[in-house]
Amino acid sequence: MTEELPELAEGNAYYQNLGGGCFRSTIHAQGAWNVHEQHMAPAAGLLADALERYQPREDMRMARLSYEILGLIPGGEFQIETSTLRPGRTIELLQAELVAGGRTAIRATAWRMVTSDTSAVAAIEDAAIPGPDDCKPYDGSAVWPGGYIRSLEMRAAEGHRPGAGKVWLRTQHPLTDQNDSSDLARLMGLVDTANGIAARVPPGKDSYAFPNLDLQIHMYRRPEGEWLGLDNAVSFGRDGIGLTSTVLHDRQGPFGRAEQILTLRRT
């Protein structure tokens, strides 16, 4: 498959850092719907990484990441452009764009908020799920093609079925060949996988395609570690629109939620 994509970089990472905000994707970032595109998941992680590095402040953290997928995400070379949309003392809105071939493929915004000690009133309503050690190996590549899916280790909890499931993911591949990304950025590079872990219908010929147009992530706690847990439910409406909703977990428990709006298309 790599011979079809000569523009891809080689190596163990998802991306090669070319310097100056420029990157080149590898086979590990390859998408599932089209061999010439990138998967949204690692691209989202790279954008989160860029937003974290942009004018960082120790008293703030990213609490919401919003991604708009503006079209096919081409494999190969691209650049990331980062800016401040709304500066502030306690709240800032940042933006990062993935630009390939002169076109913005993904636009990401992030609310960065000042932190304070609220442990006296801290409470979480989302339920925990069985940890990765209590789950069985799950072969996502048996359902989905592409280099990104092959790059993952996946484990599914009991009761996994079409439309709903609890799955843990991790990867041995760093986001970039610099291997210096934070846990948050690397975990954000897995979240978009949620739309495929419990597909309501098999992807492929004589079925439906259901790509997501966006990815919205809200985090009430900063995640840690290498494992991402997805407590997932997929709903299909009657008029060609669906929704994937996910509670996000690390080994310490739930830390936030993700939503993805879907366009349903007959194949």
Side-chain angles (χ1 to χ4, degrees), residues 15 17 20-21 23 40-70 73 78-99 104-128 175-176 178 180-195 212-225 228-231 243-261:
Y15 298 100
N17 189 333
F23 300 86
M40 174 60 183
L46 192 63
L47 286 163
D49 190 53
L51 288 163
E52 262 206 312
R53 296 175 189 272
Y54 181 72
Q55 299 179 0
R57 286 175 49 182
E58 291 185 0
D59 61 337
M60 303 185 91
R61 74 165 175 90
M62 289 191 294
R64 192 220 64 183
L65 284 161
S66 178
Y67 299 89
E68 309 298 338
I69 306 170
L70 304 180
I73 311 165
F78 60 92
Q79 63 190 52
I80 292 180
E81 301 173 354
T82 312
S83 60
T84 300
L85 297 180
R86 191 270 196 193
R89 185 174 60 86
T90 61
I91 300 173
E92 295 179 337
L93 183 61
L94 311 178
Q95 176 176 277
E97 294 185 324
L98 188 155
V99 181
T104 300
I106 308 170
R107 179 173 294 121
T109 57
W111 280 112
R112 189 160 63 186
M113 302 167 64
V114 71
T115 58
S116 62
D117 183 4
T118 54
S119 55
V121 293
I124 296 173
E125 296 292 342
D126 292 323
L175 266 180
T176 76
Q178 304 299 302
D180 61 352
S181 301
S182 69
D183 287 356
L184 183 145
R186 289 185 289 104
L187 291 173
M188 294 303 99
L190 299 172
V191 174
D192 188 75
T193 320
N195 190 36
N212 52 304
L213 306 184
D214 74 341
L215 172 63
Q216 312 293 330
I217 301 171
H218 294 80
M219 295 174 284
Y220 43 75
R221 175 173 64 81
R222 183 181 176 91
E224 300 176 352
L228 176 70
L230 305 171
D231 187 355
L243 178 69
T244 296
S245 301
T246 309
V247 180
L248 305 173
H249 301 250
D250 61 13
R251 277 189 175 272
Q252 284 69 51
F255 68 83
R257 290 173 173 255
E259 302 281 342
Q260 297 157 287
I261 200 71

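Just so it is clear, the structure is predicted and the values come from calculations on it, not from any experiment.
Under the side chain to side chain donor-acceptor pair (under 3.5 Å) criterion, T82 pairs with no residue at all, not counting sequence neighbours. The side chain to side chain donor-acceptor pair (under 3.5 Å) check on R89 picks up nothing, with sequence neighbours excluded. Taking the side chain to side chain donor-acceptor pair (under 3.5 Å) definition, one finds that S119 meets it with D117, sequence neighbours left out. Partners of Y67 by ring-ring contact (aromatic ring centres under 6.0 Å, His included), not counting sequence neighbours: none found. Take R86 and apply the side chain to side chain donor-acceptor pair (under 3.5 Å) test, not counting sequence neighbours, and it matches no residue.
Note: F78 and F23 have parallel aromatic rings, judged against thresholds of 30 and 60 degrees for the angle between ring planes.
Side chains of S182 and R222 form a contact here, defined as non-hydrogen atoms less than 4.5 Å apart. Taking 4.5 Å as the limit, every side-chain heavy atom of L94 sits out of range of all side-chain heavy atoms of L85. R53 is listed as a side-chain neighbour of S181, based on a closest heavy-atom distance under 4.5 Å. Using a 4.5 Å heavy-atom threshold, the side chains of S116 and V114 count as separate. Two residues are said to be in side-chain contact when any heavy atoms from C-beta on lie closer than 4.5 Å; T109 and R64 meet this criterion. Taking 4.5 Å as the limit, some side-chain heavy atom of F255 sits within range of a side-chain heavy atom of L228.
To the nearest 0.5 angstrom, I80 atom CD1 is 3.5 Å from L46 atom CG. Put simply, CG on L175 and CG on N17 are 11.0 Å apart, with the number rounded to the nearest 0.5 Å. In this structure, the separation between CE on M219 and CZ on R61 is 6.5 Å, given to the nearest 0.5 Å. Residue L230 holds its CG atom at 12.5 Å from OG of S245, rounded to the nearest 0.5 Å. Going from atom CG of L184 over to atom CE of M62 covers 5.0 Å, rounded to the nearest 0.5 Å.
Other residues, nucleotides and ligands contribute at most 12 non-hydrogen atoms within 6.0 Å of the CE atom of M113.
When all heavy atoms are compared, the tightest approach of A194 to Q260 is CB-OE1, 3.6 Å. When all heavy atoms are compared, the tightest approach of L47 to I106 is CD1-CG2, 3.6 Å. The shortest heavy-atom contact between P223 and M188 is CG-CE, 4.4 Å. Annotation for D192 and M40: closest pair OD2-CB, 3.3 Å, computed over non-hydrogen atoms. The two residues A105 and I73 come nearest to each other via the heavy atoms CB-CA, 4.2 Å. Shown here for H249 and A127, the closest heavy-atom pair between the two residues is CE1-O, 3.1 Å.
Among residue pairs with one or both ends in residues 243-257, those qualifying as salt bridge (charged side-chain N to carboxylate O under 4.0 Å, His left out) are D126-R257, D133-R251, R221-D250; sequence neighbours excluded.
If you check the side chains of S66 and Q216, you find a donor sitting under 3.5 Å from an acceptor.
Across T244, I261, I69, a single residue satisfies side-chain contact (heavy atoms from CB on, under 4.5 Å) together with N212, and that is I69.
Taking the charged nitrogens against the carboxylate oxygens, R107 and E68 have no contact shorter than 4.0 Å, which rules out a salt bridge.
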Verify side-chain contact (heavy atoms from CB on, under 4.5 Å) between L187 and L248, making sure each step is shown before the conclusion. CA-CA 10 Å; L187 291 173; L248 305 173; over 6 Å; no
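Under a 3.5 Å cut-off, the side chain of T115 and the backbone N or O of D59 do form a donor-acceptor pair.
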